[in-house]
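The structure appears right after this line, and notes come after that.
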Amino acid sequence: MPNFAIDKLRDIAVVAHSKAGKTSLVEAVLFDAGAVDRLGSVQEGTATTDYEPEAVDRQMTVTSTLAFCTWKDTRLNIIDTPGFINLLEDSRGGMRAADGALLVGSSIGGVKGEAERLWQYTEEFALPRLVFINKMDRDSADFYAAAEAFEKTFQLEAVPLHLPIGTGEGFSGVVDLLGMKAYTFAGGKPSECGVPGDMEERVQAYRKKLVEKVAELDDALLEKYLEGAELTAEELLTGVRKGSLERRFIPVTCGSALKNVGIQTLLDAVLLCLPSPQDMAGLRPLAGTDPRDGSEVVRDISPDEHFSAFVFKTIADPFAGKLSLFRVCSGTLTGETNVVNTVTGAKERLGQAFYLLGKKQVSAQNLGPGEIAAVAKLKETNTGDTLADAAHPVIYKKVDFAEPLITYAIEAKSKGEEEKVSTALHKVLDEDPTIHFSRDEEANEMLLSGMGQFHLELTLEKLKRKFGVDVLMKAPQVPYRETISASAKAQGKYKKQSGGRGQYGDCWIEIEPLPRGTGYEFVDKIVGGAIPRQYIPAVDKGIQEAMRQGLYAGFPMVDVRVTLYDGSFHAVDSSEMAFKIAGSLGIKKAVAQARPVVLEPVMKVEITTPEEYLGTIIGDLNSRRGKVQGMEQLPGGTNQKVGALVPMAEMLTYANQLHSITSGRGLYNMEFSHYEELPHHLVQKLLEEKKKVEAEEVK
Ligand code: GDP
């Protein structure tokens with residue numbers, strides 16, 4: 001027997017821009033539902049779901065965390081997600097495990113850019129949504145403007161279920177438009193009161209809107225409504241649920257998480273407007289692939305199905321090892337279930353599973369569909385993997401996380417700790433699929449890539465706290481290259497005759513520029529044995545080694561054809577070594593005469609922004625030596641897409657800049673496009689900077 005009847009479960013992700021009050025809201029929900037006996041606070045660092053030190057210090061959620069409670073016989077599994085722009089991919093991962101989104105809106109100042117992105121994710125996972133306009137206790141809070149902003153931004157009708165009584169200091173409760181009753185909330189508990197006289201007109205108008213929207217969902221109801229008949233309470237409730245689950249409108253409610261007002265009415269709205277795992281079967285069928293033959297598998301969301309679960313998050317714990325957070329998709333997980341990771345093929349022994357209430361672990365058995373839990377120490381399981389009954393395997397689709405946008409070089413604060421850094425980093429990376437770690441062999445650097453500077457700083461902070469390694473972040477090195485812009489011929493001759501056996505190698509080469517991206521070509525035109533066959537590869541090797549080191553500004557040289565056409569040798573003194581050196585001398589001389597240039601990587605950048613920032617964005621791109629390639633109005637709304645080619649050196653800190661220009665509403669992605677010649681005055685600057693850095697390193 002599973003622990004919960006499937007229609008008595010709600011898996012919800014609480015999502016919003018940063019500081020909207022998500023964590024405070026979750027806290028109030030847990031308190032009102034009796035899951036915690038003390039109302040924790042973000043300011044005091046006692047909120048249940050902001051327990052990681054990085055979150056407490058910043059008073060902001062930095063990673064998705066879990067909580068649960070029971071409201072009116074229904075189990076709520078809650079995923080509290082981060083809202084900061086750099087961390088939204090983590091929220092997306094959390095949303096993958098949810099069936100509905102509780103979107104926390106601001107009572108002041110419209111819909112934030114982060115919310116637009118989160119909205120896209122609700123579309124991606126077909127999540128019904130409920131909007132809670134929080135902070136109604138703030139001065140100048142305006143519920144109606146906030147609801148309208150949602151409507152405008154998302155081009156979908158906002159339908160209030162509750163209206164606020166008073167605002168700011170005077171905010172005391174809500175009018176329930178479904179039951180047509182008013183409530184105040186002393187101590188968080190609703191107590192019925194009369195609808196304030198000055199709200200009558202508004203209440204009637206919004207009730208009419210609600211009834212109309214419900215009637216429009218169904219022909220029979222519409223007919224009834226148009227004939228002037230009242231819809232029954234039952235018809236209204238069923239209609240609101242249907243409209244919400246089918247995402248035909250946005251149900252909206254309001255309150256104050258801080259003052260614990262409107263939370264219990266919100267909880268009622270969650271049960272009404274967000275789906276149970278079973279409802280999801282109709283909205284988003286549970287489909288995956290069979291790893292044995294790639295065929296499609298559709299599972300029933302039932303406790304009697306074969307067991308399958310999706311791992312949506314991993315938490316690295318230095319003491320407990322790795323925690324895998326999963327959602328049971330089908331079947332029931334018992335001690336007897338023979339579990340395999342269907343992605344890696346590894347058999348996994350699942351130890352004791354537990355529910356998480358913030359950091360608190362509560363052991364759990366017999367997990368049924370829709371349940372969210374964690375398990376420690378899975379050996380070969382990562383975020384995005386599927387766990388399933390070994391005899392009935394299935395793989396569910398992973399979230400296709402965004403590629404990192406920004407890269408920094410990192411180094412261990414104490415010399416000699418590189419290995420330790422790398423090992424610890426790999427563990428932290430398990431937690432976060434949007435952090436990439438690599439090594440740049442050319443610059444001999446460790447590189448850390450992520451969604452923004454803040455994201456990387458946070459990762460390094462975590463690394464220090466969890467694994468005790470201190471890491472410094474440096475501006476990343478741009479992979480410059482060099483090449484030639486003319487042809488030239490030169491002789492490379494190495495001759496050393498000082499007692500004993502001498503050294504002798506001599507070659508004549510011609511170099512020519514090749515098209516971009518061609519690399520290196522070596523042509524052997526030696527005839528008549530001017531250089532014996534066995535020494536020719538040595539010449540080539542000497543040239544390539546010199547090119548890798550750089551022959552002009554210290555960057556690898558590319559796109560050059562080298563033709564070896566003449567030379568001479570000495571019967572006794574010639575050797576491979578001598579010809580290698582001759583090759584390197586030859587290429588050095590030739591390059592000096594072939595008008596060498598520096599090449600810089602140019603990125604293809606795509607920016608999406610609300611129209612109002614377009615001018616500033618283009619001005620900024622121009623100041624970054626960018627070339628705007630095109631602009632395009634995006635369908636539905638006022639967003640514009642700008643395509644541009646911008647040198648990589650100018651894009652290293654763009655994430656922060658775009659965020660500040662557009663107040664977090666602009667998005668961008670970029671990929672490498674091609675190499676282009678760096679203007680001469682910038683070459684000089686680059687060389688001076690390089691010298692400075694090298695001088696620093698010698699010190
Ligand atoms: P999150 O980043 O969305 O999780 O937001 P938090 O819950 O951490 O809250 C951000 C800030 O807003 C904190 O200082 C809270 O005390 C404050 N806050 C949250 N809810 C309310 C509210 O209803 N009214 C007021 N006035 N402040 C609130």
Side-chain angles (χ1 to χ4, degrees), residues 12-32 36 38-67 78-88 90-92 94-95 101-109 111-119 129-143 146 162 164-174 184-185 187-188 252-267 358 454-455 458 663-664:
I12 56 172
V14 182
V15 300
H17 62 276
S18 201
K19 307 267 175 189
K22 295 175 294 293
T23 302
S24 308
L25 178 61
V26 171
E27 192 65 24
V29 161
L30 296 177
F31 181 70
D32 283 357
V36 295
R38 183 170 168 264
L39 186 62
S41 129
V42 169
Q43 267 135 355
E44 288 166 19
T46 52
T48 308
T49 50
D50 267 2
Y51 58 86
E52 297 232 11
E54 291 81 16
V56 173
D57 290 351
R58 293 184 172 82
Q59 297 193 11
M60 129 185 210
T61 308
V62 294
T63 183
S64 295
T65 51
L66 299 181
I78 301 170
I79 306 164
D80 184 13
T81 65
F84 188 75
I85 190 86
N86 282 185
L87 307 175
L88 291 185
D90 186 76
S91 312
R92 187 169 166 219
M95 289 164 84
L102 174 56
L103 204 62
V104 183
S106 169
S107 62
I108 305 160
V111 175
K112 301 273 189 296
E114 291 86 339
E116 292 181 27
R117 184 104 64 95
L118 292 161
W119 186 270
R129 1 182 214 224
L130 168 65
V131 168
F132 178 75
I133 306 293
N134 189 32
K135 304 198 186 182
M136 284 305 301
D137 60 301
R138 290 265 306 264
D139 285 349
S140 66
D142 186 341
F143 171 77
H162 303 119
I165 302 176
T167 57
E169 281 283 299
F171 174 63
S172 62
V174 300
T184 55
F185 288 79
V252 187
T253 176
C254 63
S256 161
L258 201 65
K259 302 264 159 80
N260 197 358
V261 174
I263 306 305
Q264 304 205 5
T265 32
L266 162 70
L267 283 168
F454 175 76
H455 187 205
L458 202 65
S663 311

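In what follows, residues are counted from 1 in the order of the sequence shown. All values below were derived from every heavy atom in this structure, side-chain atoms included, with hydrogens, water molecules and symmetry-related copies excluded. In listed order, ligands and their atoms are each counted from 1.
- Just one residue in the list Leu103, Leu88, Leu102 forms a side-chain contact (heavy atoms from CB on, under 4.5 Å) with Val15, and that residue is Leu103.
- Every N/O-N/O distance between Gly255 and ligand 1 stays at or above 3.5 Å.
- Checked against a 3.5 angstrom limit, the closest N/O atoms of Asp80 and ligand 1 fall outside it.
- Closest approach of His17 and Ser106 over heavy atoms only: CE1-CB, 3.9 Å.
- Note that CZ of Arg38 is 9.5 Å distant from OG1 of Thr48, once rounded to the nearest 0.5 Å.
- When Lys135, Glu27, Met136 are checked for heavy-atom proximity to atom 21 (C) of ligand 1, Lys135 turns out nearest.
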Might you work through the side-chain contact (heavy atoms from CB on, under 4.5 Å) test for Lys259 and Phe185, ending with a clear yes or no? CA-CA 9 Å; Lys259 302 264 159 80; Phe185 288 79; over 6 Å; no
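- For ligand 1, the polar-atom distance check finds no N/O of Asp50 at less than 3.5 Å from any of the ligand's N/O atoms.
- Listed here is the closest heavy atom pair of Val42 and Ser24: CG2-OG, 3.4 Å.
- One distance of note links CG of Leu30 with OG1 of Thr49; it measures 7.0 Å at 0.5 Å rounding.
- Scanning the protein for heavy atoms near atom 5 (O) of ligand 1, the closest one is Gly21 N, 2.9 Å.
- Of all the atoms in ligand 1, the ones that sit under 4.0 Å from a non-hydrogen atom of Arg138 are 26 (N).
- Nearest approach of Ala257 to Ala28, heavy atoms of both residues: O-CB, 3.9 Å.
- Those atoms of ligand 1 that come under 4.0 Å of a heavy atom in Val42, given as number and element, are 6 (P), 7 (O), 8 (O).
- Among protein heavy atoms, the minimum distance from atom 2 (O) of ligand 1 is reached at Lys19 N, 2.8 Å.
- Contact between Ala20 and ligand 1 is present, with at least one heavy atom of the residue lying under 4.0 Å from the ligand.
- For the residues Val261, Thr81, Ile263, Asp137, the heavy atom positioned nearest atom 26 (N) of ligand 1 is part of Asp137.
- If you check which protein heavy atom lies closest to atom 27 (N) of ligand 1, you get Leu258 CD2, 3.6 Å.
- Backbone and side-chain nitrogen or oxygen atoms of Leu25 are examined, and none is located within less than 3.5 angstrom of a nitrogen or oxygen of ligand 1.
- Ranking the protein heavy atoms by distance from atom 14 (O) of ligand 1 puts Gln43 NE2, 3.2 Å first.
- In this structure, atom 7 (O) of ligand 1 lies nearest to the protein heavy atom Ser24 OG, 2.6 Å.
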Go through it in stages, so that I can follow the logic: the residues are Leu66 and Ile79, the test is side-chain contact (heavy atoms from CB on, under 4.5 Å), and I'd like the CA-CA distance, side-chain angles, deciding distance and then a yes or no. CA-CA 5 Å; Leu66 299 181; Ile79 306 164; 3.7 Å; yes
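- Contacts between Asn134 and ligand 1 below 4.0 angstrom, taking non-hydrogen atoms only, involve the side chain exclusively.
- Across Ser256 and Ile263, no two heavy atoms sit closer than the pair O-CD1, 4.0 Å.
- Test Thr167, Val252, Thr253 against Phe143 for side-chain contact (heavy atoms from CB on, under 4.5 Å) and you get one pass: Val252.
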